[in-house]
Every structure is written in C-alpha cells, then in structure tokens.
Student: 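Quick one: the structure is below, questions incoming.
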Amino acid sequence: GLAKKHKSMYSEYAPTIYALTAAIDAKDHYTFQHSKNVAYYAEAIARAIGTSDEYREILKEAALLHDIGKLGVPRALLEKEGPLDHDEFAQMKRHAEFSLSLLDNIPGLEDIRLWGALHHERLNGRGYPLGLAGGQLPLPSRIMAVADIFTALMEDRPYRKGMSLARA
C-alpha cells in the first residue's frame with residue numbers, strides 16, 4: 001500500500017522535501033515555522049486517532065509542504081499588516097493552486113502534494129482550491145485543516161495577536 005511504497009521511496013525523496021522546506025524558509029521564515037507547527041499538531045491528531053507510524057510520517061511531510069505555494073505569493077502580501085482586501089485575498093488563496101503545480105512533476109510526492117494542497121477545503125464545500133465537500137476530502141487534508149487553523153489561532157500575525165493554547 002501507500003505506506004510500504006512510501007517507506008521504500010522515502011530515502012530517495014527526503015533531499016527533495018528538505019530542499020523545498022529550505023526554499024520556504026528562505027522566502028518566509030514565518031511560513032516555515034507555521035508549517036513545522038502544523039506538522040506537529042497534525043501528527044498528534046493522527047496519533048490520537050490510531051494511525052500507523054508510516055501514515056503519520058507521510059502526513060508530517062505533507063504538512064511541512066502544505067504552504068509551499070506561498071513561494072508564488074509576493075513577500076509584501078505575506079507580510080502585510082492589516083486585513084487583506086478582496087483582490088489581495090484572492091491572490092493569497094492562489095497559494096493552494098501553486099502548491100499543486102509546484103509539486104506536480106515530482107514523482108513519489110503525489111499523496112503529499114494532494115493532501116497538503118487541500119488544507120483549505122471545507123466539509124461544506126466552501127473551501128478552495130477545488131471546492132470539494134464531505135467525503136471528497138481525504139482524511140489527511142481534514143487533519144491538516146484542523147491543525148492549520150488551530151496553529152494559526154495561536155500564532156501572532158502582522159494584523160493580530162495570537163490566542164493562548166487554552167482559548168484556541
């Protein structure tokens with residue numbers, strides 16, 4: 001299955017994953033730290049629901065790369081203080097599509113690519129980039145969505161102070 005295929009290919013693709021995470025860090029250290037936090041909470045959620053070690057490893061890699069599409073977002077937009085206007089928000093939302101296309105041609109990362117890029121989809125179908133709903137959403141993407149929102153609530157942003165762990 002997926003975990004067995006992944007285990008045999010991991011050593012081959014680990015340098016690629018490392019290089020991509022380094023690229024994120026170079027562009028925007030905040031995004032890199034956020035991705036590490038999302039990976040931590042996604043792994044904790046997956047552990048709590050009883051997934052395998054291999055599943056959690058793939059999920060952590062997907063979480064580390066879930067915002068790789070922000071490489072295609074201008075730095076000024078990533079660092080903007082205050083709320084984004086309609087056009088800026090539309091441009092920011094494109095990071096999910098960028099994530100899909102950036103990882104599209106890397107063999108072996110298909111699941112990581114899909115799971116991470118769908119972290120803004122919502123069960124009600126009102127998410128992005130594809131507008132998927134309910135059972136169309138892979139469980140790993142659902143886990144990452146929860147971890148992403150939970151992490152974002154606790155992090156300081158240019159436009160607001162983060163919440164406490166208890167409040168989040």
Side-chain angles (χ1 to χ4, degrees), residues 1-73 78 92-123 127-133 135-157 162-163 165 168:
L2 172 62
K4 187 174 183 179
K5 176 182 90 171
H6 177 266
K7 198 168 191 128
S8 66
M9 296 169 66
Y10 179 71
S11 60
E12 184 178 342
Y13 292 104
T16 301
I17 293 166
Y18 177 79
L20 292 169
T21 58
I24 296 169
D25 192 29
K27 166 102 183 229
D28 182 20
H29 187 67
Y30 164 79
T31 295
F32 177 63
Q33 186 58 50
H34 168 76
S35 295
K36 289 192 333 188
N37 293 340
V38 170
Y40 172 81
Y41 287 112
E43 195 274 338
I45 293 167
R47 183 179 301 278
I49 64 172
T51 61
S52 69
D53 291 345
E54 292 84 4
Y55 184 98
R56 290 192 304 273
E57 187 62 34
I58 299 166
L59 180 64
K60 284 194 309 189
E61 292 165 9
L64 285 172
L65 297 178
H66 81 281
D67 273 342
I68 186 130
K70 287 188 177 175
L71 290 173
V73 175
L78 292 173
M92 183 67 83
K93 283 173 52 175
R94 295 208 50 225
H95 82 275
E97 296 168 37
F98 292 148
S99 291
L100 284 169
S101 60
L102 278 168
L103 300 177
D104 198 31
N105 296 309
I106 305 175
L109 298 187
E110 293 86 0
D111 297 303
I112 289 171
R113 166 192 174 266
L114 185 63
W115 293 356
L118 300 181
H119 71 282
H120 284 294
E121 296 289 354
R122 299 294 177 254
L123 290 174
Y128 61 90
L130 305 175
L132 302 178
Q136 296 175 306
L137 296 174
L139 179 61
S141 298
R142 295 180 198 191
I143 291 170
M144 266 189 282
V146 171
D148 185 52
I149 292 166
F150 183 66
T151 300
L153 288 172
M154 293 186 295
E155 294 169 338
D156 290 339
R157 298 291 172 104
M163 296 179 185
L165 175 67

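Note that the coordinates shown come from a computational prediction; the quantities given were computed from them, not determined experimentally. Only heavy atoms go into these numbers, but all of them, side chains included; no hydrogens, no water, no symmetry mates.
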Student: Heavy-atom distance under 4.5 Å between the side chains of Leu139 and Tyr55, does that happen here?
Tutor: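 Counting from C-beta outward, Leu139 and Tyr55 do come under 4.5 Å.
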Student: To the nearest 0.5 Å, what is the distance between OG (Ser141) and CG (Asp148)?
Tutor: 11.5 Å
Student: Given side chains that start at C-beta, do those of Ile58 and Trp115 come closer than 4.5 Å, heavy atoms only?
Tutor: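 Yes - at least one pair of side-chain heavy atoms lies under 4.5 Å apart.
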Student: Is the shortest side-chain heavy-atom distance between Met154 and Leu165 below 4.5 Å?
Tutor: yes
Student: With side chain to side chain contact (heavy atoms under 4.5 Å, CB included) as the criterion, how do Leu123 and Arg142 come out once you've worked through the C-alpha distance, each side chain's angles and the decisive distance to 0.1 Å?
Tutor: CA-CA 8 Å; Leu123 290 174; Arg142 295 180 198 191; 3.8 Å; yes
Student: Does any part of the side chain of Ile106, heavy atoms only, come nearer than 4.5 Å to the side chain of Ile112, both counted from C-beta?
Tutor: no
Student: Classify the ring geometry of His119 against His66: parallel below 30°, tilted from 30° to 60°, perpendicular beyond 60°.
Tutor: perpendicular
Student: Under the rule for side chain to side chain contact (heavy atoms under 4.5 Å, CB included), what residues qualify as partners of Arg122, not counting sequence neighbours?
Tutor: His120, Asn124, Ala145, Ile149
Student: Are any side-chain N or O atoms of Gln33 and backbone N or O atoms of Tyr30, one a donor and one an acceptor, separated by less than 3.5 Å?
Tutor: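 Absent.
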Student: Could you check if a side-chain atom of Leu20 sits within less than 4.5 angstrom of a side-chain atom of Leu64, using non-hydrogen atoms only?
Tutor: no
Student: For Thr31, what residues pass the side chain to side chain donor-acceptor pair (under 3.5 Å) criterion, not counting sequence neighbours?
Tutor: Asp28
Student: Hey, could you give me the CE/CG distance between Met144 and Leu65, rounded to the nearest 0.5 Å?
Tutor: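 Interatomic distance, Met144 CE to Leu65 CG, rounded to 0.5 Å: 9.5 Å.
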Student: Once side chain to side chain contact (heavy atoms under 4.5 Å, CB included) is applied, do any residues pair with Thr151, and if so which ones, sequence neighbours excluded?
Tutor: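 Applying side chain to side chain contact (heavy atoms under 4.5 Å, CB included) to Thr151 gives His34, Asn37, Val38, Tyr41, Glu155.
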Student: Taking only residues two or more places apart in sequence or in another chain, which ones pass side chain to side chain contact (heavy atoms under 4.5 Å, CB included) with Arg113?
Tutor: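 Scan of Arg113 (side chain to side chain contact (heavy atoms under 4.5 Å, CB included), adjacent residues dropped) gives Leu100, Leu103, Asp104.
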Student: Taking only residues two or more places apart in sequence or in another chain, which ones pass salt bridge (charged side-chain N to carboxylate O under 4.0 Å, His left out) with Asp67?
Tutor: Lys70
Student: For Ala96, what residues pass the side chain to side chain contact (heavy atoms under 4.5 Å, CB included) criterion, not counting sequence neighbours?
Tutor: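 Ala96: side chain to side chain contact (heavy atoms under 4.5 Å, CB included) contacts with Tyr128, Pro129.
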